[in-house]
Asks: 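Let me begin by handing over the structure; questions about it come next.
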Amino acid sequence: MKRRHFLLGGVGAIGALLVGWSALPPKQRLQATEPLENMPYRPALNGWVRIGSNNTVTITMAHVEMGQGTHTGLAMMLADELDADWAQVRLIQAPPGDKIYNNLSLLPDGLPFHPDDMGMLHRGANWMTTKASRLLPGLMLTGGSSSIKDQWQPLREAGASARLMLLAAAAKQWKVPVTECSTANSKVTHAASGRSASYGELAVSASKQALPKSVTLKTPDAFKLIGQPLKRIEAASKLNGTAQFGIDIRAPGMLYASVTMCPVLGGRFKSMDASKAQAMPGVKKVFTTEAAAGAPPAVVVIATQPWQALQALKAVQIEWDEGENANFSSAAFIDSLAQSLDQDDGYNYYEQGNVSQALSKATKRIKAEYRVPYLAHATMEPMNCTVRFKEGEAMVWAPTQIPGMVPRLVADVLGIDSDKVQLHITLLGGGFGRRLEPDFFVQAAQIAKEANGVPVQTFWTREQDMQHDKYRPACVARLEAGFDDKGQLSAWQARSAGQSVTHQIVERLFGSSGMGPDKTTAEGAYDTAYAFPSSRISHQIVPGPVPVGYWRSVGWSHQGFITESFMDEVAAELKQDPLALRLALLAEHPEHVELLKRLAELSGWGQPITPGADGVARARGVALVRSFGSIVGQVAEVSVAADKRIRVHKVTCVLNCGTAINPNLVRQQVESGIIFGLSAALYGEIKIEKGRVLQNNFYDYLPIRMNESPEIVVEIMPSQAPPEGMGEPGTPPIAPAVANAVFTLTGQRLRSLPLKLA
Amino acid sequence: MITLNINGQAVQVEATDDTPLLWVLRGEVGLTGTKFGCGMALCGACTVHIDGQATRSCIMPISALAGKQITTIEGLQGPVADAVRAAWTEIDVVQCGYCQSGQLMSACALLQNNPQPNDADIDGAMSGNICRCGTYPRIRQAIHKAAEIKRG
Ligand code: FES
Ligand code: FES
């Protein structure tokens, strides 16, 4: 156990070493280790693709679909190499047990190295962590914008391999050399004799061919699907009510459970009077569950209908033992983060040159303190999960980002072996990192245990969802820049403090706290491409009682704001154009430079800006953040109304994500990321007083709505590099781009989120 | 027992009078296309048509619905619905999709009443529907597109 904690705790290289060499499986990710289900009319050609006698091509999804569009992109990668007819492509969700469906990209991405340092240590650690990820159980996970890059190699290899098997089957049947046969549009053709056969006709015999020893993948000029702006594959089901989310599961005889969790962080159940509730219509049972896997203790009502459960729960009189956090206040905790920076720097993530010396020699120094609040995910579909526990076996229907973790954790609750747990993964009504948490499905298992074999759907109200989230950590950062006697920037120092998500989530998943540095606290601060003459970036982990979680773009969500805002402060000090300053500091990174130049052009940077119809002045602000391997630059056009309301009219975005598998869905994700980030920038704040989260619902935790939604222009830089993450990188630049525009308009430098003018 | 008219069919339900339509649809009736998002008429995920008007079903007690025509996403049809679905498909609006039943119901109601909505009309009719995935720019485009398709 220790070993795995350490690995997830951020120092992956050593964790991987402990796994040991001999145990590492061979490199191939084609064949499942467990035998695949035998489907006579849909034989499997490898662990990733089945071809039906009716010509359907069924592709296995090791990742879950939560709106990020990954199912479409993944299917395109395999279908392209297979030369499949896109109209015939179908999807199935992979079973969580088999390690070929493990995510091999997530852990290496969590290593605390600078992305531009591709030295021995980084490469070695990457390699070892990837190897270890093949072996560890439970690593079928969707998060960290990693799906496409994780699957880029194996899915294309699986498609290419299946194609060779189809070719071999046809050549054998026609007794012609395989080199004379070709494939296109789900058909094999032998041009010389004019014969052709559909993949469906060849499927059974192809499935009996030997797995090819090696495959040659297409060069980009041969791509037919990759790079095309295809439509989302599951879209139609989302337009007629048939798409099935977790909350839509309706198992025969199913009951509904509503929960009220202890409102005080870390509090316990004391007593209740459920007599009134028990007599209400439809009520089957009222009981409590204990804290587990991040789920607080709860009072539960199981009833025949959902409304009955909700009503009866309101009638239960509950007393909580408020425990040691009864006086906890998030405002005071955030103040204490600032104080902790007086004491200590924490872990040094990056250092170059001699910052202390440069600062002491500086003829001018500027300092600033930035603060960001806790944030809720507020996925549109509230947390829910359906579980049936009958005769020692469990069936779980879960909208989860961590299917690989479900069997073990559910089995633990039910006291059975994990191979007695079956999982059906539904569509997710939004994820944003919230569904990387095990709390809701572990709680649903606790509840199903009380239901005598009947399936129970546990569903949270919006209020429960808002108040029992795992929040984006609050953070306080102090930055300092020094300028030498020629007036040039000579030093950049960033120190910050906050809680560690990784330490907490390791505890929720494995039962004992993570340790060591947590790269996710400092990403966006230490890993930029800027060439500072000297710099030092550190983060101090300050443990606290607030449950914190991965929130779309994680550390970048706030460190991006802090770094890119302070960059504008430096530009103002230098009396330099902020975009020009960035260009100068990025001179050694041609991709960043090209992108910024294009962004300047496309956004009209430096050009006069016409006021809107309302006549109110507008200004532009720029920000650039590289996260999850993708570089994203944004320019926001902003106005400030007489009542000081900040309004964002237009966002221009240029990005480089390597190969854009599906430019349509890349654009969608950027639009999505911008609006998600804008909600947080303008309104997002979770406050805690007396140990209780104060926000309740969409009236006091405000998302952007249609009338505030800016026009968004997105351009993708051409690239043939391997694909990088795209689910999250749209989010980080928007807050600083808006804040920088507000500074230009008003002269006020807003150093905390949400952005509010004095 | 109350009899409701849902998607053109008479349906007898056992729920008590004060039960919001949303929970009757999703529970007893088994029509899960209408979604729960907030329960307070704040998000629009539960939007249905009552006699053609976009209505938040999470706060609409069934006692108020005798004799009214209820249309859910499953029963949404006709020329406006066809145009809206075609536009949504062409613009590829949806992401997670959870809010989209409500978005479609609101958009169809808007276009029924106003076949050529401008941006301000769209803001007015659609701002009650939250989308955490941020599909707003594409919804706006798709509504204009649907109006165009409908116009022919
Ligand atoms: S659930 Fe009815 S408006 Fe949100
Ligand atoms: S598409 Fe996900 S909430 Fe709208």
Side-chain angles (χ1 to χ4, degrees), chain A residues 65-69 229 231-232 234-245 247-248 250 256 281 304-307 310 377-382 427-432 459 461-462 664-665 668-669 671-676 678-679 697-699 703-712, chain B residues 14-16 18-20 22-24 26-28 30-40 42-45 72-76 84-85 88-90 92-101 103-104 119-120 122-140:
Chain A
E65 180 57 55
M66 48 190 163
Q68 84 280 41
K231 306 272 195 269
R232 177 181 290 268
E234 82 285 3
S237 71
K238 293 175 174 175
L239 301 181
N240 59 20
T242 58
Q244 204 174 42
F245 298 90
I247 206 168
D248 301 329
R250 292 293 176 267
Y256 297 84
T304 310
Q305 292 297 332
W307 179 249
L310 288 165
H377 297 80
T379 59
M380 210 64 226
E381 178 193 21
L427 289 170
L428 285 62
F432 317 126
F459 69 105
T461 59
R462 175 59 58 196
N664 169 43
L665 296 183
Q668 237 189 21
Q669 277 314 288
E671 292 157 11
S672 175
I674 288 171
I675 288 170
F676 197 79
L678 193 55
S679 292
N697 204 318
F698 292 125
Y699 64 87
I704 291 287
R705 292 173 180 268
M706 175 64 89
N707 59 336
E708 310 161 280
S709 173
E711 178 194 351
I712 299 175
Chain B
E14 290 178 7
T16 49
D18 58 343
T19 309
L22 170 69
W23 296 110
V24 174
R26 294 189 52 81
E28 261 186 79
L31 290 174
T32 55
T34 305
K35 300 298 192 235
F36 165 61
C38 68
M40 294 182 75
L42 296 165
C43 77
T72 71
I73 185 71
E74 291 90 347
L76 182 69
V84 166
R85 286 199 177 99
W88 246 247
T89 303
E90 185 175 332
D92 213 18
V93 171
V94 308
Q95 293 186 32
C96 86
Y98 193 79
C99 73
Q100 295 293 334
S101 300
Q103 305 281 4
L104 291 168
D119 281 342
I122 293 174
D123 284 349
M126 302 302 294
S127 290
N129 288 79
I130 293 172
C131 174
R132 281 293 277 161
C133 298
T135 60
Y136 306 124
R138 291 193 189 215
I139 291 175
R140 184 184 301 283

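Naming convention: chains lettered A, B, ... in sequence-line order (proteins, then strands); numbering from 1 in each chain.
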Asks: Rounded to the nearest 0.5 Å, how far does CD of A/Gln68 lie from SG of B/Cys133?
Replies: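 The CD atom of A/Gln68 is 9.5 Å from SG of B/Cys133, to the nearest 0.5 Å.
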Asks: Looking at B/Ile122 and A/Met706, what are the two nearest heavy atoms and their distance?
Replies: CG2-CE, 4.1 Å
Asks: Is there a side-chain contact between B/Arg26 and A/Ile247 (heavy atoms, below 4.5 Å)?
Replies: yes
Asks: Would you say B/Pro137 and A/Ile675 make side-chain contact, with heavy atoms under 4.5 Å?
Replies: yes
Asks: Name the member of B/Gly97, B/Ala120, B/Gly124 that forms the most heavy-atom pairs with chain A at distances under 4.5 Å.
Replies: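 Top count of heavy-atom pairs under 4.5 Å with chain A: B/Gly97.
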Asks: What part of A/Arg232 lies closer than 4.5 angstrom to a heavy atom of chain B: side chain, backbone, both or neither?
Replies: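 Contact with chain B is through both the backbone and side chain of A/Arg232.
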Asks: Using a cut-off of under 4.5 Å on heavy-atom pairs, state which of B/Ile139, B/Asp92, B/Val84 scores highest against chain A.
Replies: B/Asp92
Asks: Going by an N to O cut-off under 4.0 Å, is there a salt bridge joining A/Asp248 and B/Lys35?
Replies: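 Salt bridge flag = yes for B/Lys35 with A/Asp248.
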Asks: Closest approach of A/Pro382 and B/Gly37, non-hydrogen atoms and distance?
Replies: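 For A/Pro382 and B/Gly37, the tightest heavy-atom pair comes out as CG-O, 4.4 Å.
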Asks: Could you look at B/Leu104 and say if it's the side chain, the backbone, both or neither that has a heavy atom under 4.5 Å from chain A?
Replies: side chain
Asks: Among the options A/Gly673, A/Pro229, A/Gly429, pick out the one with the most heavy-atom pairs lying under 4.5 Å from chain B.
Replies: A/Gly429
Asks: Using heavy-atom distances under 4.5 Å, tell me whether B/Arg140 contacts chain A through its side chain, its backbone, both, or neither.
Replies: both
Asks: Using 0.5 Å steps for rounding, measure from the CD1 atom of B/Ile73 to the CG atom of A/Leu239.
Replies: 7.5 Å
Asks: So A/Met66 and B/Cys96, do their side chains get closer than 4.5 Å, heavy atoms only?
Replies: no
Asks: Among the options B/Gly33, B/Cys38, B/Gly30, pick out the one with the most heavy-atom pairs lying under 4.5 Å from chain A.
Replies: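 Most pairs with chain A among the choices: B/Cys38.
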Asks: Heavy-atom cut-off 4.5 Å, strictly under: side chain, backbone, both or neither for A/Ala235 against chain B?
Replies: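 Answer is both: backbone and side chain atoms of A/Ala235 are under 4.5 Å from chain B.
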Asks: Name the member of A/Gly430, A/Gly69, A/Ala378, A/Ala243 that forms the most heavy-atom pairs with chain B at distances under 4.5 Å.
Replies: A/Ala378
Asks: Relative to the ring of B/Trp23, is the ring of A/Phe459 parallel (under 30°), tilted (30 to 60°) or perpendicular (over 60°)?
Replies: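 The rings of A/Phe459 and B/Trp23 sit tilted, inter-plane angle from 30° to 60°.
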Asks: Could you check whether any side-chain heavy atom of A/Lys238 comes within less than 4.5 Å of a side-chain heavy atom of B/Gln95, counting everything from C-beta outward?
Replies: no
Asks: Quick one: what part of B/Leu31 sits under 4.5 Å from any heavy atom of chain A, side chain, backbone, both or neither?
Replies: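 The answer is neither part of B/Leu31.
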Asks: Quick one: which of A/Glu711, A/Glu381, A/Glu234, A/Glu671 has the most heavy-atom pairs under 4.5 Å with chain B, could you say?
Replies: A/Glu381
Asks: Taking the side chain as every heavy atom from C-beta outward, state whether B/Arg132 and A/Thr379 have any pair of such atoms under 4.5 Å apart.
Replies: no
Asks: Restricting to non-hydrogen atoms, name the atom on B/Arg138 and the atom on A/Asn664 that form the minimum distance, rounded to 0.1 Å.
Replies: NH1-OD1, 2.9 Å
Asks: Using a cut-off of under 4.5 Å on heavy-atom pairs, state which of B/Ile130, B/Thr89, B/Asn129, B/Asp123 scores highest against chain A.
Replies: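 Ranked by contacts with chain A, first place is B/Ile130.
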Asks: If you count heavy-atom pairs under 4.5 Å between each of A/Phe698, A/Phe245, A/Phe676 and chain B, which one has the most?
Replies: A/Phe245
Asks: Just give me the residue among B/Gln100, B/Gln103, B/Met40 that pairs up with chain A most often, heavy atom to heavy atom, under 4.5 Å.
Replies: B/Met40
Asks: Measure B/Val93 against the heavy atoms of chain A and call it side chain, backbone, both or neither at under 4.5 Å.
Replies: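 Interface part for B/Val93: backbone (N, CA, C, O).
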Asks: Just verifying a value: how many Å separate A/Trp307 CH2 and B/Asp18 CG, rounded to the nearest 0.5 Å?
Replies: 7.0 Å
Asks: Using the side-chain contact (heavy atoms from CB on, under 4.5 Å) rule, take A/Met380 and B/Cys43 through it: C-alpha gap first, then chi angles, then the decisive distance, then the call.
Replies: CA-CA 9 Å; A/Met380 210 64 226; B/Cys43 77; 3.6 Å; yes
